[in-house]
Amino acid sequence: MARLAQTAGLTDVQQEILSTVRDFVDKEIIPVATELEHRDEYPQQIVDGLKELGLFGLMIPEEYGGLGESLLTYALCVEEIARGWMSVSGIINTHFIVAYMLKQHGTQEQKEHFLPRMAAGDVRGAFSMSEPGLGSDVSAITSKAVRDGDEYVLNGQKMWLTNGGTSSLVAVLVRSDEGHSPEEAAAKPHKSMTTFLVEKEPGFGEVRPGLTIPGKIDKMGYKGVDTTELIMDGLRVSADRVLGGVTGRGFYQMMDGVEVGRVNVAARGCGVAQRAFELGVQYAQQRHTFGKPIAQHQAIQFKLAEMATKVEAAHAMMVNAARKKDSGERNDLEAGMAKYLASEYCKEVVEDAFRIHGGYGFSKEYEIERLYREAPMLLIGEGTAEIQKMIIGRRLLEEYRFQG
């Protein structure tokens with residue numbers, strides 16, 4: 001039979017792109033991923049290869065130098081990359097979200113200024129919404145922008161920036177009460193938020209006057225890619241760097257970006273789960289107990305069957321969510337479901353593969369040890385499972401409103 005997680009109805013171009021990416025993953029990522037991950041080393045050579053493949057501009061329109069591909073194509077590429085090493089998919093994910101927000105909401109000048117260089121990979125994107133005490137309550141943002149002539153002065157501390165150090169463009173969500181009374185701002189906090197496009201030098205420390213990237217956060221997994229804080233202290237940003245040119249729309253712009261980001265996280269869950277299944281089914285045929293490969297024991301066969309079914313189900317939901325978004329329809333329900341299911345199933349498939357490896361799964365010599373530390377990030381990235389359930393529940397009540 002064909003390998004798991006096949007996608008029906010792809011064009012010849014999509015199939016060629018995916019074949020190229022899969023070949024790159026097998027040859028350039030999988031052989032070095034574990035070693036680089038253990039050293040927490042940024043995969044510069046891999047990133048350069050992705051740049052040559054044009055993946056940084058995969059969804060950027062052709063008029064701006066990109067490939068103009070669909071969200072589905074992008075998600076399937078992410079699935080392949082995460083199968084090799086999830087951290088690499090994170091490097092392109094935040095870049096992709098910023099490019100998507102620019103494409104959907106940017107002014108013509110902003111698109112022309114940023115998108116061609118983003119498509120080439122010369123400008124790398126990061127986006128910043130969370131804060132140290134924020135959690136899932138985006139309305140509680142305290143970072144603030146105050147108008148001063150043709151500029152805004154930004155102050156505050158942001159948290160959990162993927163690509164915080166290596167990026168050169170950050171989309172930052174802050175509070176801007178311009179045009180709102182204190183009472184209006186308190187009653188409708190989401191309408192008092194603005195997204196700023198902040199250009200900076202890659203690196204750590206003070207990367208431009210008023211903007212500091214303190215350093216990498218030490219994490220359990222998801223290593224290699226830099227995750228950072230961002231501190232704004234009197235950061236001056238020109239008014240023409242308000243995304244879309246109008247204040248007060250930042251929350252909705254960010255949520256649009258996060259919505260497609262959730263499809264991306266679902267794709268990452270699918271990719272990691274696929275790799276865990278591959279490792280589990282391979283090891284089960286090599287390891288012998290009681291005179292035969294453990295794959296011939298019924299208990300292991302049951303486990304492999306459950307793992308494969310979860311891989312297939314998560315992939316199908318991810319593809320459905322991407323296609324819904326590509327059709328122009330609202331997809332927050334499908335994206336929430338896909339992100340929730342794929343991340344939960346990923347955790348379960350990785351743990352089952354870990355169990356199949358027995359004591360060797362606890363050894364850093366085996367790849368499954370890395371996957372076991374990476375999978376939990378998907379449970380919280382782009383919104384926790386509980387947040388996804390809230391989104392799903394509210395949308396279901398909208399669709400199935402009781403008419404009594």
Side-chain angles (χ1 to χ4, degrees), residues 37 40 75 78-79 81-83 85-98 126-141 157-164 170-173 216-230 251 254-273 275-276 310 314 317-318 321 332-351 354 369-394:
E37 198 271 349
D40 197 9
V78 167
E79 182 179 40
I81 293 169
R83 175 182 152 269
W85 184 12
M86 191 179 75
S87 292
V88 178
S89 67
I91 290 171
I92 61 174
N93 177 43
T94 52
H95 174 89
F96 148 74
I97 290 177
V98 176
F127 81 108
S128 177
M129 186 166 57
S130 186
E131 294 182 1
L134 196 62
S136 300
D137 185 9
V138 180
S139 66
I141 279 178
Q157 184 178 2
K158 310 298 283 187
M159 192 71 174
W160 305 119
L161 276 78
T162 301
N163 292 332
V170 185
V172 182
L173 183 67
K216 294 200 301 183
I217 297 170
D218 194 16
K219 300 164 293 187
M220 175 179 75
Y222 198 41
K223 294 179 179 290
V225 59
D226 48 295
T227 305
T228 74
E229 299 175 71
L230 179 147
F251 176 80
M254 279 281 177
M255 289 303 104
D256 190 24
V258 168
E259 192 172 287
V260 292
R262 284 178 179 141
V263 176
N264 177 286
V265 173
R268 284 198 256 180
C270 292
V272 174
R275 185 58 181 165
K310 289 173 181 177
M317 291 198 74
M318 179 271 291
D332 53 341
L333 175 64
E334 291 77 10
M337 285 182 167
K339 192 275 176 186
Y340 168 60
L341 191 81
S343 58
E344 294 290 338
Y345 275 0
C346 174
K347 176 201 68 172
E348 294 170 9
V349 171
V350 167
E351 182 172 342
F354 176 84
E369 179 271 342
R370 169 171 61 84
L371 271 59
Y372 194 77
R373 289 183 289 103
E374 289 179 338
M377 197 285 291
L378 298 171
L379 300 173
I380 54 176
E382 312 290 8
T384 63
E386 290 73 22
I387 289 295
Q388 307 311 315
K389 291 177 185 179
M390 287 174 59
I391 294 169
I392 295 165
R394 288 171 181 170

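Scope of the values below: all heavy atoms of this structure, side chains included, with no hydrogens, waters or symmetry mates. All values derive from a computational prediction rather than experimental measurement.
Lys347 contributes no side-chain N or O that, together with a main-chain N or O of Ser343, makes up a donor-acceptor pair within less than 3.5 Å. Between the side chain of Asp40 and the backbone N or O of Lys223, no donor-acceptor pair lies under 3.5 Å. Proximity of a side-chain donor or acceptor of Lys158 to a complementary backbone N or O of Met129 within less than 3.5 Å is detected. A donor-acceptor pair is defined here as one N or O able to donate and one able to accept, closer than 3.5 Å; no such pair exists between the side chain of Lys339 and the backbone of Thr384. Checked by atom type and distance alone, the side chain of Gln388 pairs as donor or acceptor with a backbone atom of Glu382 at under 3.5 Å.
Between Arg373 and Glu369, at least one side-chain N (NZ, or NE/NH1/NH2) sits under 4.0 Å from a carboxylate O, which counts as a salt bridge. Of the charged side-chain nitrogens involved, none lies within less than 4.0 Å of a carboxylate oxygen, so that Glu386 and Lys389 do not count as a salt-bridged pair.
In terms of heavy-atom proximity, Tyr222 sits nearest to Ser87 at C-OG, 3.4 Å. The heavy-atom pair separating Cys270 from Ala342 by the smallest distance is SG-CB, 4.3 Å. In terms of heavy atoms, Ala276 sits closest to Val349 at CB-CG1, 4.0 Å. Across all their heavy atoms, Gly164 and Thr228 have their closest contact at CA-OG1, 3.3 Å. Contact between Ala375 and Val350 at its shortest, heavy atoms only, is CB-CG2, 4.2 Å. A pairwise comparison of heavy atoms in Ser89 and Arg268 identifies OG-CD, 2.7 Å as the closest pair.
For the atom pair CD1 (Ile387) and CD1 (Ile380), the distance works out to 12.5 Å, reported to the nearest 0.5 Å.
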Could you go step by step and tell me if Leu371 and Phe354 meet the side chain to side chain contact (heavy atoms under 4.5 Å, CB included) rule?
-> CA-CA 9 Å; Leu371 271 59; Phe354 176 84; over 6 Å; no
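Counting heavy atoms from C-beta outward, Met159 and Ile217 have side chains that approach closer than 4.5 Å. In this structure, Asn93 and Thr162 have side chains that are not in contact, with every pair of non-hydrogen atoms separated by 4.5 Å or more. Side chains of Lys219 and Val225 form a contact here, defined as non-hydrogen atoms less than 4.5 Å apart. Between Phe127 and Leu173 there is no side-chain heavy-atom pair separated by less than 4.5 Å. Contact check for Leu333 versus Ile392: side-chain heavy atoms found under the 4.5 Å cut-off.
Only one option out of Val265, Val260, Val258 pairs with Arg262 in a side-chain contact (heavy atoms from CB on, under 4.5 Å); it is Val258.
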